[in-house]
A.B. asks: 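This is the structure, below, for whatever I ask next.
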Amino acid sequence: DDIAKATKDWKGLRITVKLEIKNRQASVSVEPTASALIVKALKEGPKEKKPKNTPHFHHGNVTFNDIVEVARIMRYKSMAKEFSGTVKEILGTASSVGCTVDKKDPKDIQQAIDAGEQEVPDE
């Protein structure tokens, strides 16, 4: 019951559920992955059933601000020294999900960050 209540916002997406048990009382917390957060930012409905071994691509566009918000959420899991590195990690995930960022390929935005053409906020 608790797991169903905690995960109803994530219908159709695979997420990690963390169970903490203290004194025989279980508490449920949701630990979303970067790809789940990006798909949620796309605001797509739950995916429909397809035959096995058929890839599912998410065609859509997210804003750079959405990417920065996802990077802020995922910062504690990131191994990057600086926040711009975390943003680039999330852009790589957006590339593998198959969506665009501000109507551009995420890899182009990663190169723009490296070149200093794209501003990344500090945290």
A.B. asks: Between SG of Cys99 and CD1 of Ile67, what distance do you get to the nearest 0.5 Å?
C.D. replies: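 Going from the SG atom of Cys99 to the CD1 atom of Ile67 covers 6.0 Å.
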A.B. asks: Looking at every heavy atom in both Val101 and Pro106, which two are closest together, and how far apart are they?
C.D. replies: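 For Val101 versus Pro106, the nearest heavy atoms are CG2-CG, 4.1 Å.
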A.B. asks: Check step by step if side-chain contact (heavy atoms from CB on, under 4.5 Å) holds for Asp66 and Thr63.
C.D. replies: CA-CA 5 Å; Asp66 289 339; Thr63 63; 3.2 Å; yes
A.B. asks: Evaluate the side-chain proximity of Leu37 to Trp10: yes if any heavy-atom separation is below 4.5 Å, no if none is.
C.D. replies: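 Yes. Closest side-chain heavy atoms under 4.5 Å.
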A.B. asks: Sequence neighbours excluded, which residues qualify as side chain to side chain donor-acceptor pair (under 3.5 Å) partners of Thr7?
C.D. replies: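 By the side chain to side chain donor-acceptor pair (under 3.5 Å) rule, Thr7 matches no residue at all.
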A.B. asks: Going by the rule side chain to side chain donor-acceptor pair (under 3.5 Å), which residues pair with Asn61 if we only count those two or more places apart in sequence or in a different chain?
C.D. replies: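 Partners of Asn61 by the side chain to side chain donor-acceptor pair (under 3.5 Å) criterion, ordered by chain and then number, come out as Thr100.
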A.B. asks: Running the 4.5 Å side-chain criterion over Ile, Leu, Val, Met, Phe, Trp and Tyr, what cluster does Ile3 land in, apart from itself?
C.D. replies: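 Its cluster partners, ordered by chain and number, are Val17, Leu19, Val28.
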A.B. asks: Any side-chain heavy-atom pair from Ile15 and Thr33 closer than 4.5 angstrom?
C.D. replies: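 In short, these two side chains do not touch, never coming nearer than 4.5 Å.
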A.B. asks: Which heavy atom in Val62 sits nearest to a heavy atom in Ile38, and how many Å separate them?
C.D. replies: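 Closest approach of Val62 to Ile38: CG1-O, 4.3 Å.
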A.B. asks: Which residues satisfy the side chain to side chain contact (heavy atoms under 4.5 Å, CB included) test with Lys18, sequence neighbours excluded?
C.D. replies: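 So Lys18 forms a side chain to side chain contact (heavy atoms under 4.5 Å, CB included) with Glu20, Ser29, Glu31.
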A.B. asks: Would you list the pairs meeting side-chain hydrogen bond (donor to acceptor under 3.5 Å, both in side chains) in which at least one residue belongs to residues 101-117, sequence neighbours left out?
C.D. replies: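 Matches after skipping sequence neighbours: Lys88-Asp114.
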A.B. asks: Can you pull out every salt bridge (charged side-chain N to carboxylate O under 4.0 Å, His left out) where at least one residue sits in residues 69-79? Sequence neighbours excluded, please.
C.D. replies: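 Only Glu69-Arg72, Arg75-Glu123 qualify under salt bridge (charged side-chain N to carboxylate O under 4.0 Å, His left out).
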A.B. asks: Can you name the closest pair of heavy atoms from Phe83 and Pro121 and give their distance?
C.D. replies: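 Result for this residue pair: CD2-O, 3.0 Å.
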A.B. asks: Do Leu91 and Val87 come within less than 4.5 Å of each other through their side chains, counting heavy atoms only?
C.D. replies: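 Result yes, sub-4.5 Å side-chain heavy-atom pair found.
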A.B. asks: Measure the shortest side-chain to side-chain distance between Ser84 and Thr86 over non-hydrogen atoms and say whether it is less than 4.5 angstrom.
C.D. replies: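 The answer is no, as the side chains (C-beta and beyond) never meet within the 4.5 Å cut-off.
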